[in-house]
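Reading through the structure tokens given below for one structure.
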2 protein chains.
Amino acid sequence: MDLTERKKRILRAIIENYIQSAEPVGSKTIAQSIGMEVSSATIRNEMADLEAMGLLEKPHTSAGRIPSSKGYRFYVNELMEDHKLSLQETERMNQALRMKMQELDRVLDQAGRMVAQLTSYPAFALSAGTERMTIRRFDLLMVERNAFIIVVMTDSNIVRNRLIRLPSDLSEAQLQMLNTLLNTTFTGLTLEEITPELMRVAQHAAGDAYGLISLVVSFAMEVLESLEQRRVHTSGLAHLLELPEYQSLERAQPLMSYLSEDSDPARFPVPKDDPMKILIGPENVADALKDTSVVVASYDIGEGMRGVIGVVGPTRMDYAKITARLSYLAEGLSRLFGQGELPQGRDEEK
Amino acid sequence: MDLTERKKRILRAIIENYIQSAEPVGSKTIAQSIGMEVSSATIRNEMADLEAMGLLEKPHTSAGRIPSSKGYRFYVNELMEDHKLSLQETERMNQALRMKMQELDRVLDQAGRMVAQLTSYPAFALSAGTERMTIRRFDLLMVERNAFIIVVMTDSNIVRNRLIRLPSDLSEAQLQMLNTLLNTTFTGLTLEEITPELMRVAQHAAGDAYGLISLVVSFAMEVLESLEQRRVHTSGLAHLLELPEYQSLERAQPLMSYLSEDSDPARFPVPKDDPMKILIGPENVADALKDTSVVVASYDIGEGMRGVIGVVGPTRMDYAKITARLSYLAEGLSRLFGQGELPQGRDEEK
DNA sequence: GTTAGCACTCAGAGAGTTTGAGTGCTAAAA
DNA sequence: TTTTAGCACTCAAACTCTCTGAGTGCTAAC
């Protein structure tokens with residue numbers, strides 16, 4: 001797709017104007033805008049060309065032009081300049097990141113909220129555990145005669161625990177035995193490899209404490225399952241209603257519902273190779289997102305896991321600003337997890 | 001407030017009709033409705049009386065009547081019959097409860113979602129830790145030469161953990177010593193009682209490992225803090241847009257925003273003594289909730305903590321149905337935490 | 001105390017009109 | 001060959017006006 005320099009300037013002016021105003025842009029506006037020394041008629045001709053190329057479209061005959069999805073795509077790929085983050089912006093984001101550090105728990109959720117807040121668009125956050133996980137070690141801690149804590153740690157260094165109460169008492173020796181049995185039999189296995197047969201064998205070996213084995217192992221399985229099962233958090237939905245394109249309920253409602261039923265993470269795009277991905281309008285697979293754009297960035301959680309944050313908005317979206325902010329946040333989150341900048345180790349929220 | 005039997009019947013008919021239709025109710029409708037053997041003119045007279053008493057109001061001269069907040073209050077207190085939960089309803093709720101069992105993690109969040117889903121109204125969930133908490137025990141588990149897991153358990157049997165990595169190696173003996181020191185010095189103390197002086201003394205006693213003490217103790221403090229700090233989760237916001245009263249954006253938007261910025265739990269009412277509370281329109285403190293009703297129920301998390309679930313909706317809300325469902329769910333959640341119905345113990349999400 | 005009847009009110013729907021931003025085309029100018 | 005001025009045309013959106021009908025309050029008769 002080759003365009004003359006002037007066509008590029010015009011296209012860009014139209015898109016940036018539309019991003020701000022959400023109103024179709026007319027030839028006159030463009031003619032007046034920054035240093036365009038030609039008349040509106042000329043612009044009109046150029047616009048007609050751009051329309052023929054599929055980069056612009058008209059809502060109706062007597063309105064101005066609006067960018068098509070293809071137009072946005074061209075803009076994003078070739079025209080867009082990097083948005084320079086202002087000092088205030090970075091300061092604000094740093095502050096948010098610093099605050100969140102205190103609650104390494106629930107990072108996912110928090111990350112989403114933060115993004116929503118800092119971009120003023122609805123945001124989502126999800127994790128993408130790529131590999132199959134296994135339990136690396138079990139620890140059983142006696143609390144009282146009839147209660148103990150299970151602590152399991154996965155091969156990716158995630159630690160989870162649960163308090164178990166028993167109807168009957170338990171001896172320290174039994175617990176010890178159980179502990180050894182678990183660590184020899186159930187470590188290094190994926191969810192599928194923990195078969196009923198294996199359970200039966202182990203229960204047999206456990207003697208008296210055979211009931212406990214299944215309690216502990218099923219907890220371990222729950223942990224593996226919950227870590228593999230990716231979850232999405234959406235936040236900032238209310239921002240949608242501030243946008244002119246969602247002033248009409250018919251448009252807002254389906255999208256809202258789609259974003260709320262966050263059961264299925266598969267519905268959200270995950271950047272594969274690049275750290276950042278932009279999906280414009282129909283490029284989205286999901287029907288409900290067909291006239292929205294989605295910008296996603298991924299960050300490193302460490303230990304073979306990546307987190308994903310993203311925002312959803314109208315195709316008319318300030319791509320430059322949003323990508324700048326999102327990648328800054330993604331980097332911040334990576335740092336937050338990665339190095340020793342902050343309290344090390346992490347234990348929560350896959 | 002004494003009403004004749006007939007006035008009560010009329011008021012009730014109006015409210016129940018309005019709850020269903022969201023349209024002002026006219027005298028004719030009522031006259032035709034269930035077994036009213038009088039004419040519409042009579043009803044009109046009665047309605048005028050009810051209006052004079054402040055139980056009804058008119059949106060404008062030539063419309064029907066709608067219940068006032070006072071009217072709803074009267075209805076809730078005196079007229080409302082218990083809604084019988086159908087088999088399908090309870091079955092559906094049981095199923096939801098059963099499903100959620102699997103993720104005792106994140107109960108709060110899940111509880112909210114569940115309520116939203118089962119009531120078709122936006123819902124919120126929050127915890128209300130009443131007492132000051134303390135750490136009951138510490139456990140340190142060696143993972144590698146330079147990494148260990150801290151496990152802390154509070155006096156209310158909540159267990160949290162974190163993986164700590166060190167720049168240098170650590171001996172089993174040191175860990176043992178640290179463990180003892182922690183359990184003798186820092187157990188049974190509230191957040192305030194863990195003073196800098198105490199820390200200094202402990203660090204001194206720890207010898208080589210003095211840096212570790214602060215690491216571990218600050219984790220413990222984070223845990224106490226996060227448990228005391230109450231948090232709110234809202235979900236099902238999109239349901240709002242399905243309701244006729246929120247078809248206009250001006251009305252939906254402020255409420256949405258209010259419910260989204262869920263930073264401050266203080267903004268949500270908590271039932272004090274009763275297990276269930278209904279706040280109608282202006283009875284709500286928050287401005288944004290002035291023309292909505294809020295129904296809250298609390299449930300037992302055990303160990304001195306109560307959880308709260310609630311729904312928000314228009315004042316025209318099917319109080320009978322909502323309260324029935326909410327209290328069923330609250331009970332279910334209590335059971336879920338309390339007895340041995342299900343995997344005992346819990347470890348997450350204050 | 002109840003009812004029939006009637007005049008009155010008023011939001012909301014529908015039809016028609018106006019407005020103005022914006023277009024495409026043509027013919028002249030550069 | 002490109003640019004421009006000019007003009008006729010289009011059409012959504014805003015505005016006005018009228019009509020409709022559900023619903024009321026009041027009065028007088030039952």
Side-chain angles (χ1 to χ4, degrees), chain A residues 3-11 13-15 17-18 20-33 35-68 71 244-245 247-251, chain B residues 3-11 13-15 17-18 20-33 35-68 71 244-245 247-251:
Chain A
L3 295 183
T4 63
E5 210 45 52
R6 190 169 72 183
K7 282 204 172 59
K8 283 187 191 169
R9 271 178 76 194
I10 293 175
L11 178 59
I14 292 173
I15 293 182
N17 193 303
Y18 185 66
Q20 292 312 317
S21 69
E23 301 281 322
V25 186
S27 50
K28 214 166 144 196
T29 319
I30 295 303
Q32 283 161 359
S33 97
M36 279 281 161
E37 59 302 312
V38 293
S39 81
S40 66
T42 312
I43 306 281
R44 278 206 289 286
N45 290 332
E46 296 284 50
M47 279 162 101
D49 286 359
L50 290 168
E51 187 178 350
M53 300 169 85
L55 297 170
L56 294 178
E57 48 196 35
K58 311 190 264 229
H60 57 88
T61 339
S62 71
R65 302 296 208 297
I66 61 175
S68 68
E245 26 272 286
Q247 291 302 311
S248 106
L249 262 283
E250 301 90 74
R251 312 203 77 224
Chain B
L3 296 183
T4 64
E5 211 44 52
R6 192 169 69 181
K7 281 203 172 59
K8 284 187 190 170
R9 271 179 76 194
I10 292 175
L11 178 58
I14 292 173
I15 292 181
N17 194 302
Y18 185 65
Q20 292 311 319
S21 68
E23 302 281 322
V25 187
S27 51
K28 214 164 144 197
T29 319
I30 296 303
Q32 282 161 0
S33 98
M36 280 280 160
E37 56 305 310
V38 293
S39 81
S40 65
T42 313
I43 306 281
R44 278 206 288 285
N45 290 332
E46 296 283 50
M47 279 162 102
D49 286 359
L50 289 168
E51 188 179 351
M53 299 168 85
L55 297 170
L56 294 179
E57 48 198 34
K58 307 190 267 228
H60 57 88
T61 342
S62 71
R65 301 298 209 294
I66 62 175
S68 67
E245 26 273 285
Q247 291 301 311
S248 105
L249 261 282
E250 302 91 72
R251 313 204 76 224

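Within every chain, numbering begins at 1; the chains are lettered A, B, ... in the order of the sequence lines, protein sequences first and strands thereafter.
- The interatomic distance linking A:E46 (CD) with D:dT4 (C1') rounds to 13 Å, in whole Å.
- Distance, A:R65 CZ to D:dT10 C1': 13 Å, rounded to whole Å.
- One cannot find a donor-acceptor pair under 3.5 Å joining the base of D:dT3 and the side-chain atoms of A:T42.
- Looking at A:K28 and A:Q32, their side chains come closer than 4.5 Å, going by heavy atoms from C-beta outward.
- Within the 4.0 angstrom heavy-atom criterion, only backbone atoms of the sugar-phosphate kind lie near A:A63; the bases stay farther away.
- B:T42 places a side-chain heavy atom less than 4.5 Å from the side chain of B:R6.
- Side-chain contact between A:L50 and A:L3 is present, with at least one heavy-atom pair separated by less than 4.5 Å.
- Extent of DNA chain C lying under 4.0 Å from chain B heavy atoms, first and last nucleotide in 5' to 3' order, is C:dT2 to C:dA11.
- A 4.5 Å side-chain heavy-atom check between A:V38 and A:E46 finds every atom pair outside the cut-off.
- Whole-Å rounding puts the A:D49 CG to D:dT1 C1' distance at 14 Å.
- Heavy-atom distances to DNA chain C give each of B:A41 and B:H60 a nearest nucleotide, and the one nearer the 5′ end belongs to B:A41.
- In terms of heavy-atom proximity, A:A22 sits nearest to A:E245 at CB-OE2, 4.1 Å.
- Following rounding to the nearest Å, B:I43 (CD1) and D:dA22 (P) show an atom-to-atom distance of 18 Å.
- Proximity of A:D49 to A:N45: side-chain heavy atoms (C-beta onward) are nowhere separated by under 4.5 Å.
- At a threshold of 4.0 angstrom between heavy atoms, the contacts of B:S27 are confined to the sugar-phosphate backbone, with no base atom among them.
- Rounded to a whole Å, the NZ atom of A:K58 is 12 Å from the C1' atom of D:dC11.
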